[in-house]
Each structure stands twice: as structure tokens, then as C-alpha cells.
Amino acid sequence: MIGDLLDSDKVGLHLVYETRQEGIDRVRGQWPELDELLKREDVSDLLVGYYADLDLVEARENFEFPTLSVTLLESLLAQPEVLDCLESDGRAELAEAIVAQWYTKFELGGGDEFGIINGAFPAVRLLQVDSDDFRETVRSSTGLESFAALGRVDLLTDADLGVLDTVPERLTAQYSLS
């Protein structure tokens, strides 16, 4: 089911709106399969497992629009329906997957193809669940606050991007990853 969604010709629709969150919210009404996935009780396990197992090199070969497919998956991982259902072990599993994909993106060309910022969206929302320090960091910046709430990137400053660059280290420390 997830693979079919990610290989659909609708995979980039959520990006035509002003923010990622608005895009997901609006596209759900136009794409019943997406809405159905997000309503499933096991959506967290399904999406986190799929993301953890995703091979970005294979994604390049298997998806018609690989960058858009991975962007959609990472936007879905940031949804409340996914994050709110994760227990601490599930959040750690997601954190580990985000860190692994983050570094793989750099290995595949500096993160340009699959976009580091896309993985930062679920990472920022995940860190806000368990890190008081990170929540305060986000609250102190209009750009980070807008990014965390809506996936909006146009308000991010250089300082905000510097904070996003620390996401892998913050996830590793917060979730005691090796």
C-alpha cells in the first residue's frame, strides 16, 4: 500500500501548497488512499518500518519520482496521526531511521537529491515530543516555530538552518542511539 502511494502520479501534490502541512491536509481530501492510510491504527508501525527499510539507491531506480516519493514519506512521518501513536521505542526507531537516512542522503550527493530539509520535518516534530530543550529552541525562533508547525521553509534563517544541521546529533543523544 505505501509503495503504491509513493509511486503514484499524485506524489508531489502536497508540495504545491504554501506549507507541507497544508499540502498534506488538502491532498488527503483528494486522495482517498492517503487518507485511508493515515486513519489506520497501525499507521505509525507501517510508515516507520517502511522508512527504516527504505533503500534510497533502490528508490532512485524503483520510483518514477524518487525525490518526491521520499519527500511525501517524510512529510507523512511528521503527521500527528503517526507521531502521537509512537511509544518511546517507536520514537527511538524513527529517530534511528531519520539519522540513517540523513547520512545516506549525504553519501548520495550531499543531500541535494533527496533533500535534507525533508527529513528535518519529522525530526523536528519528533524532538519536540521528548526534548524540553529543543522545544524551547524552536519556540525562540519564528522560522523554526513555523517549520515545526507547518513545514514552512521560507522563514528559516541561517541560524535556524544551523540548528537543523544538528538534528542527527540531537536525535542520537535524545534517543541514546549508537
Side-chain angles (χ1 to χ4, degrees), residues 14-28 37-39 41-52 54 56 67 70-107 110-178:
H14 74 290
L15 296 175
V16 301
Y17 297 93
E18 187 171 333
T19 69
R20 292 167 197 268
Q21 190 59 53
E22 178 188 8
I24 293 292
D25 293 342
R26 290 211 173 172
V27 168
R28 283 181 76 167
L37 173 65
L38 289 172
K39 287 181 179 177
E41 286 184 29
D42 61 348
V43 65
S44 298
D45 293 336
L46 289 172
L47 288 174
V48 172
Y50 191 94
Y51 188 62
L54 181 65
L56 294 175
T67 302
V70 173
T71 300
L72 176 61
L73 179 57
E74 290 171 329
S75 294
L76 293 175
L77 287 165
Q79 296 310 297
E81 295 91 334
V82 175
L83 294 176
D84 292 349
C85 294
L86 290 174
E87 299 293 332
S88 60
D89 288 351
R91 291 192 303 274
E93 183 181 352
L94 177 55
E96 186 171 23
I98 291 170
V99 170
Q101 298 292 15
W102 191 288
Y103 290 125
T104 299
K105 289 175 182 182
F106 273 107
E107 291 171 10
D112 294 334
E113 180 179 357
F114 289 108
I116 297 301
I117 200 85
N118 300 321
F121 186 37
V124 165
R125 286 187 167 180
L126 180 62
L127 281 165
Q128 286 187 292
V129 172
D130 291 318
S131 174
D132 294 335
D133 179 54
F134 193 74
R135 268 193 306 278
E136 189 55 40
T137 298
V138 168
R139 275 191 220 119
S140 70
S141 163
T142 301
L144 286 174
E145 201 167 40
S146 179
F147 180 70
L150 303 169
R152 188 172 176 178
V153 297
D154 62 319
L155 298 178
L156 292 171
T157 65
D158 288 342
D160 297 333
L161 294 173
V163 170
L164 295 180
D165 282 342
T166 67
V167 160
E169 292 82 12
R170 289 175 185 261
L171 289 170
T172 300
Q174 183 66 43
Y175 296 99
S176 303
L177 306 176
S178 52

Which atom names give the shortest non-hydrogen contact between [X] and [Y], and what distance separates them?
X	Y	result
N118	P122	O-CD, 3.1 Å
Y51	A97	CD2-CB, 3.7 Å
S44	C85	OG-CB, 3.3 Å
D160	S141	OD1-OG, 2.5 Å
L94	L83	CD2-CD2, 3.6 Å
V138	A148	CG1-CB, 3.9 Å

Report the distance from atom [atom1] of [X] to atom [atom2] of [Y], rounding to the nearest 0.5 Å.
X	Y	atom1	atom2	answer
R170	L164	CZ	CG	9.5 Å
E145	Q128	CD	CD	8.5 Å
S146	D154	OG	CG	6.5 Å
D25	H14	CG	NE2	11.5 Å
L15	I24	CG	CD1	8.0 Å

Is K39 salt-bridged to E81, going by a charged N under 4.0 Å from an acidic O?
->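 A salt bridge is absent here (no side-chain N lies under 4.0 Å from a carboxylate O).
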Is [Y] close to [X] at the side-chain level, that is, under 4.5 Å between some pair of heavy atoms?
X	Y	value
Y17	V27	yes
V167	I116	no
L56	E107	no
R125	Q79	yes

Using atom types as modelled and distance alone, determine if a side-chain donor or acceptor of [X] lies under 3.5 Å from a backbone N or O of [Y].
X	Y	value
R152	T19	no
S140	T137	yes
E74	F121	no

Going through the distances and angles, do R26 and V16 end up as a side chain to side chain contact (heavy atoms under 4.5 Å, CB included)?
-> CA-CA 10 Å; R26 290 211 173 172; V16 301; over 6 Å; no
Determine the sole option in L127, L144, L126 for which the side chain to side chain contact (heavy atoms under 4.5 Å, CB included) test with F134 is passed.
->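 That would be L127; it is the only one of L127, L144, L126 passing the side chain to side chain contact (heavy atoms under 4.5 Å, CB included) with F134.
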Option from T142, I117, V163 for which side chain to side chain contact (heavy atoms under 4.5 Å, CB included) with L156 holds = I117
[X], [atom1] atom: more than 12 neighbouring heavy atoms under 6.0 Å:
X	atom1	answer
E136	CD	yes
E18	CD	no
D158	CG	no

Pair Y175-E93, side-chain donor/acceptor within less than 3.5 Å =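 Side chains of Y175 and E93: no pair found under 3.5 Å.
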List the steps, then state whether side chain to side chain contact (heavy atoms under 4.5 Å, CB included) holds for L72 with L76.
-> CA-CA 6 Å; L72 176 61; L76 293 175; 4.1 Å; yes
